[in-house]
Student: 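Sharing a structure below in C-alpha cells format, with a few things to ask.
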Amino acid sequence: MNFSCYVIDDEPDAIAIMKEYIEMTPGLTLVGHSQNPLEALPNLTGEYAPDITFIDVDMRQLSGLELAEMVNLYTTVVFTTAFPQYALESFDREAFDFLLKPINYERFAKCIQRARLKIARPGRWLQAIRDDFFTIKSEVKGRLVKIRYEEVIYMEGSANYIHI
C-alpha cells in the first residue's frame with residue numbers, strides 16, 4: 001500500500017532531510033512540500049489530502065499547532081521540531097507522533113510503521129498498540145480501573161458519568 005506525504009517546515013534543510021527519508025522508504029510518496037503553512041493549507045484538506053503530513057511546530061506565518069487543528073481531520077499529523085517543550089501541547093492537538101530534530105531515520109521509520117497501521121485499519125490501531133483493554137477514572141481520586149473490551153456488554157453516557 002502506498003501512502004502520500006506532505007512536508008511543511010520553514011527551514012529548507014529540514015525539508016531536504018524529510019524528502020530524503022520519504023524517498024528512501026518503500027511505500028511512501030512525497031506529494032508536496034512548503035515553507036509557508038498558509039500556502040500549504042489548501043493541499044492538506046479535502047478529498048486529496050495526503051495520508052501523512054509532517055509539520056514543523058515553530059513557523060512564522062502560522063504555528064504548526066494551529067495548522068494541525070485545521071487539518072487533522074483530513075491527514076495524519078506528525079510534528080517535527082527542535083523544541084521538546086511542544087510535545088505535550090502537540091498531543092493535545094491530536095498529533096499522531098512527535099519527531100524531535102535532528103530526526104534520525106530509525107525514529108522516522110518507527111513513526112511510519114505505526115502510521116501505516118493506523119491508516120490501513122482506521123479505528124483499530126489503538127487497540128492493536130494498547131492491547132485488549134482501556135482504563136477509566138474511578139470514584140476514588142487518582143485511581144484508574146482497567147476494563148477489557150471483551151467484558152463490555154453495554155455503555156451509556158449520563159451527564160458527567162458513564163455506565164458500563
Side-chain angles (χ1 to χ4, degrees), residues 1-136 144 146 148-149:
M1 186 174 231
N2 202 18
F3 298 106
S4 58
C5 300
Y6 200 100
V7 178
I8 306 163
D9 201 308
D10 58 355
E11 299 174 24
D13 291 341
I15 290 176
I17 290 168
M18 295 306 292
K19 283 172 64 174
E20 179 182 338
Y21 288 175
I22 291 166
E23 290 168 359
M24 63 190 268
T25 305
L28 296 184
T29 302
L30 181 66
V31 295
H33 61 85
S34 179
Q35 289 181 261
N36 184 330
L38 295 173
E39 290 176 2
L41 185 57
N43 299 313
L44 305 177
T45 58
E47 163 179 11
Y48 299 107
D51 296 310
I52 305 168
T53 303
F54 298 94
I55 303 175
D56 183 23
V57 174
D58 190 32
M59 294 182 284
R60 288 182 284 280
Q61 301 87 353
L62 180 70
S63 107
L65 298 169
E66 295 166 328
L67 178 63
E69 285 185 332
M70 296 178 207
V71 303
N72 65 10
L73 293 176
Y74 302 96
T75 183
T76 299
V77 173
V78 175
F79 284 112
T80 61
T81 186
F83 303 102
Q85 66 267 26
Y86 288 119
L88 183 58
E89 191 174 355
S90 73
F91 287 108
D92 285 343
R93 306 287 174 102
E94 299 183 21
F96 176 75
D97 207 341
F98 185 88
L99 301 177
L100 192 59
K101 294 176 183 176
I103 301 165
N104 66 43
Y105 184 75
E106 180 181 343
R107 180 64 179 87
F108 172 85
K110 182 177 180 180
C111 168
I112 295 302
Q113 182 180 15
R114 290 180 53 240
R116 284 181 172 151
L117 180 60
K118 176 195 180 239
I119 295 166
R121 298 186 309 182
R124 295 188 55 182
W125 72 278
L126 280 176
Q127 183 176 351
I129 292 171
R130 294 190 180 158
D131 300 321
D132 60 348
F133 65 91
F134 61 96
T135 58
I136 60 169
L144 297 175
K146 180 177 170 179
R148 299 177 68 79
Y149 290 113

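Below, each value reflects all heavy atoms present in this structure, side chains not excepted, and no hydrogens, waters or symmetry copies. All values derive from a computational prediction rather than experimental measurement.
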Student: Can you tell me how far apart CG (L38) and CD (E66) are? Round to the nearest 0.5 Å.
Tutor: 9.5 Å

Student: Any side-chain heavy atom of I52 sitting closer than 4.5 Å to one from I112?
Tutor: yes

Student: Knowing that exactly one of R107, K110, K118 qualifies, which makes a side chain to side chain donor-acceptor pair (under 3.5 Å) with D97?
Tutor: R107

Student: How about L99 and F54: do any of their side-chain heavy atoms sit closer than 4.5 Å?
Tutor: yes

Student: Could you tell me which non-hydrogen atom of V78 sits nearest to which non-hydrogen atom of C111, and how far apart they are?
Tutor: CG2-SG, 3.8 Å

Student: Would you check if there is a donor-acceptor pair between the side chains of D56 and T80 at a distance under 3.5 Å?
Tutor: no

Student: Measuring only between side-chain heavy atoms, which start at C-beta, is N36 closer than 4.5 Å to M59?
Tutor: no

Student: Measure from the side-chain N and O atoms of S34 to the backbone N and O of P37, and report whether any donor-acceptor pair falls under 3.5 Å.
Tutor: no

Student: Can you find a heavy atom in the side chain of L65 that is under 4.5 Å from one in the side chain of D92?
Tutor: no

Student: Hey, what do you get for CG (L41) to CD (E39), rounding to the nearest 0.5 Å?
Tutor: 11.0 Å

Student: According to ring-ring contact (aromatic ring centres under 6.0 Å, His included), does anything in residues 2-49 pair up with another residue at least two apart or in another chain? List the pairs.
Tutor: Y21-Y105, Y21-F108

Student: For residues V31 and P50, report the shortest heavy-atom separation together with the two atoms involved.
Tutor: CG2-CB, 4.1 Å

Student: Give a yes or no answer on whether the side chain of T75 reaches the backbone of N72 with a donor-acceptor pair at less than 3.5 Å.
Tutor: no

Student: Looking at Q61, I want to see if its CD is surrounded by more than 12 non-hydrogen atoms of other residues, nucleotides or ligands under 6.0 Å.
Tutor: yes

Student: Mark yes when over 12 heavy atoms from residues, nucleotides or ligands other than Q85 sit less than 6.0 Å from its CD; otherwise mark no.
Tutor: yes

Student: Please test D58 against F83 for side-chain contact (heavy atoms from CB on, under 4.5 Å), starting from the C-alpha separation and ending with a verdict.
Tutor: CA-CA 8 Å; D58 190 32; F83 303 102; 3.7 Å; yes

Student: Give a yes or no on whether the backbone of Y86 and the side-chain of E89 come within a donor-acceptor separation of less than 3.5 Å.
Tutor: no

Student: Go through R116 and L28 one step at a time and tell me if the side-chain contact (heavy atoms from CB on, under 4.5 Å) criterion holds.
Tutor: CA-CA 10 Å; R116 284 181 172 151; L28 296 184; 4.0 Å; yes

Student: Please set out all donor-acceptor pairs under 3.5 angstrom arising from side-chain atoms of residues 7-19, sequence neighbours excluded.
Tutor:
from : atom 1 : to   : atom 2 : distance (Å)
D9   : OD1    : E11  : N      : 2.9
D9   : OD2    : K101 : NZ     : 2.6

Student: In Å, rounded to the nearest 0.5 Å, how long is the span from CG of L73 to OG1 of T45?
Tutor: 10.5 Å

Student: If every non-hydrogen atom of S90 is compared with every non-hydrogen atom of F98, which pair is closest and at what distance?
Tutor: OG-CD1, 3.2 Å

Student: With sequence neighbours excluded, what pairs up with E20 under the salt bridge (Lys or Arg N to Asp or Glu O under 4.0 Å) test?
Tutor: none

Student: Roughly how far, to the nearest 0.5 Å, is OG1 of T76 from CZ of R114?
Tutor: 10.5 Å

Student: Show your working on side-chain contact (heavy atoms from CB on, under 4.5 Å) between L67 and L44 and close with a plain yes or no.
Tutor: CA-CA 10 Å; L67 178 63; L44 305 177; 4.2 Å; yes

Student: Please examine the side chains of D51 and C5, heavy atoms only from C-beta on, and report whether any two atoms are closer than 4.5 Å.
Tutor: no

Student: Does the side chain of T53 reach to within under 4.5 Å of the side chain of V71, using non-hydrogen atoms?
Tutor: no

Student: Would you check if F96 and F79 make a side-chain contact, meaning some heavy-atom pair closer than 4.5 Å?
Tutor: no

